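From a predicted model like this one, the values you see are computed outputs, not experimental measurements.
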Amino acid sequence: MIKRSILIEQNAKVTCKYRQLCIATPEREATIPIEDIGFLVIEHQETYISIPALNQLIANNSAVIICDTHHLPHGMFLNLNAHHIQQQLFKAQINASSPLKKQLWQQTVKQKIHNQGLLLKRVTERDNKFNFLVSKVLSGDTSNMEGVAANFYWGSFFEIDFKRERFGNYPNNFLNYGYAILRAATARALSGSGLLNTLGIHHKNKYNAFALADDIMEPYRPLVDECVHGLMQKFDEKELITPIKLELVNLLTRTVYFENEKSPLMVALQKTASSLQQCFTGQRKKINYAKLWS
């Protein structure tokens, strides 16, 4: 079942009654079954949300995302008890060997570079050497092929002069918003699979509470890049206006592909997270990343 993504941009009061989320703004009121909600993005700084509503959303494994004064996702609430054998899974994740984590990171970087190469070819209509870069990715990506690919990718992707920086010029603001939504969706999927987001396989910043999400979202980043590229053709606006934010949030329902099936991105992330859990417990050796295009 495809979960809904709700964006609150107005001053609103969010409560719950009979397993329904009640959202009241000065203009209107709406009720939504909590079980249908995958993501609630709260952007307006004067939004009120009741503790019972927050608890019911978290119990449903819905990700509640809070934005900062610049309207960018800043933090999120996640279920810390989303899996019935969570303690066992935590132990497997904590005890994962360094060679295993290096192999998982190698798989992740290979898939990311492969996806970047496919998208770059779609955008520029020119062949590239990204498959060659994929072949050079070592265990743990010790040769930093991820960085080599990124330099070429961002130097060729947009038709404007662009440098990818977190606090850089347009369209970095579009990319940041999309990546933050993708990060939240990935964290939600990992939490639902009983994994600890704090412990990454590559990202290790001690201040990063979502290091594992930052690792596992990497191959899916090109979906945000593709969306932003399309938004730049569609809108002259360089600020994050509502229609642009809605398209980036709705990216979570975009179709991606596995070997014998297709699924929305938010469901695919759950499959990927489940496969990672099985890698930690020794049941499989490869993370199941979706194909982004058929």
Side-chain angles (χ1 to χ4, degrees), residues 1-83 86 166-167 173-192 196-198 207-210 213-214 217 224 227 231 237 239-253 264-266 269-270:
M1 172 181 159
I2 299 178
K3 299 283 189 175
R4 295 180 61 178
S5 299
I6 311 297
L7 175 64
I8 298 179
E9 291 187 297
Q10 295 177 283
N11 183 3
K13 182 178 181 181
V14 183
T15 57
C16 65
K17 188 175 183 180
Y18 305 124
R19 297 287 299 167
Q20 301 280 315
L21 195 70
C22 307
I23 304 174
T25 69
E27 287 79 25
R28 66 190 187 99
E29 295 186 14
T31 58
I32 306 163
I34 288 178
E35 64 184 15
D36 292 348
I37 300 173
F39 302 88
L40 177 68
V41 183
I42 300 176
E43 184 173 301
H44 198 283
Q45 298 298 296
E46 295 182 12
T47 298
Y48 164 83
I49 181 168
S50 72
I51 294 299
L54 198 55
N55 271 321
Q56 288 203 30
L57 284 162
I58 292 171
N60 185 63
N61 200 28
S62 303
V64 181
I65 303 165
I66 308 296
C67 295
D68 61 18
T69 54
H70 300 289
H71 310 289
L72 291 173
H74 185 65
M76 60 185 136
F77 295 93
L78 288 173
N79 192 330
L80 293 179
N81 191 30
H83 200 281
Q86 189 155 340
R166 183 177 179 185
F167 301 108
N173 52 339
F174 289 14
L175 292 167
N176 292 341
Y177 193 92
Y179 292 152
I181 295 297
L182 176 61
R183 187 190 198 214
T186 307
R188 172 183 178 268
L190 292 166
S191 177
L196 191 60
N197 270 286
T198 307
Y207 302 110
N208 185 357
F210 297 98
D214 288 339
M217 69 181 273
V224 176
C227 184
L231 289 169
E237 179 64 54
E239 298 300 324
L240 280 163
I241 59 175
T242 298
I244 291 173
K245 286 184 283 192
L246 286 173
E247 289 207 29
L248 288 167
V249 170
N250 287 333
L251 187 63
L252 298 177
T253 62
L265 175 59
M266 67 173 70
L269 288 169
Q270 293 170 0

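- Atom CZ of R19 has more than 12 heavy atoms from other residues, nucleotides or ligands within 6.0 Å.
- The CD1 atom of I6 lies 11.0 Å from the CD1 atom of I42; values are rounded to the nearest 0.5 Å.
- The side-chain heavy atoms of Y177 and V224, taken from C-beta on, include no pair separated by under 4.5 Å.
- In this structure, CG in L246 is found 10.0 Å from CD1 in I241, a value given to the nearest 0.5 Å.
- Of the possible polar contacts, one joining the T186 side chain to the L182 backbone as a donor-acceptor pair under 3.5 Å is found.
- Taking all atoms of both residues into account, the shortest heavy-atom contact from H44 to E9 is CD2-O, 3.2 Å.
- In this structure a side-chain-to-backbone donor-acceptor pair under 3.5 Å is present from N60 to I37.
- You'll find the side chain of H74 stays beyond 4.5 Å of the side chain of C67, heavy atoms only.
- For the pair L57 and I49, the minimum side-chain heavy-atom distance is below 4.5 Å.
- Here the closest heavy-atom approach between residue I181 and residue L248 is recorded as CG2-O, 4.3 Å.
- Atoms CG and CE, from L251 and M266 in turn, are 10.0 Å apart once rounded to the nearest 0.5 Å.
- Put simply, the side chain of N176 gets close to the backbone of R166: a donor and an acceptor are under 3.5 Å apart.
- In this structure, the side chain of D36 does not engage the main chain of R4 through any donor-acceptor pair within 3.5 Å.
- Note: Q56 CD to T15 OG1 = 10.5 Å, rounded to the nearest 0.5 Å.
- Note that the OG atom of S62 and the CG atom of L40 stand 8.0 Å from one another [nearest 0.5 Å].
- Across every non-hydrogen atom of C16 and P52, the tightest pair is SG-C, 3.7 Å.
- A donor-acceptor pair under 3.5 Å is formed between the side chain of K3 and the backbone N or O of E35.
- Not a single donor-acceptor pair under 3.5 Å links the side chain of E29 to the backbone N or O of I23.
- The NZ atom of K245 sits 6.0 Å away from the CG atom of L7 when rounded to the nearest 0.5 Å.
- Of all non-hydrogen atoms in E239 and N173, the two that sit nearest each other are CA-ND2, 4.1 Å.
- Remark: R183 is not positioned above the aromatic ring of F210, lacking an NZ or CZ atom under 6.0 angstrom from the ring centre and at most 45 degrees off the axis.
- The two residues S5 and L252 make their nearest non-hydrogen contact at OG-CD1, 3.8 Å.
- The minimum heavy-atom distance between Q10 and E27, with the atom names listed, is NE2-OE1, 2.7 Å.
- Of the possible donor and acceptor atoms, one in the side chain of Q45 sits under 3.5 Å from a partner among the backbone N and O of E43.
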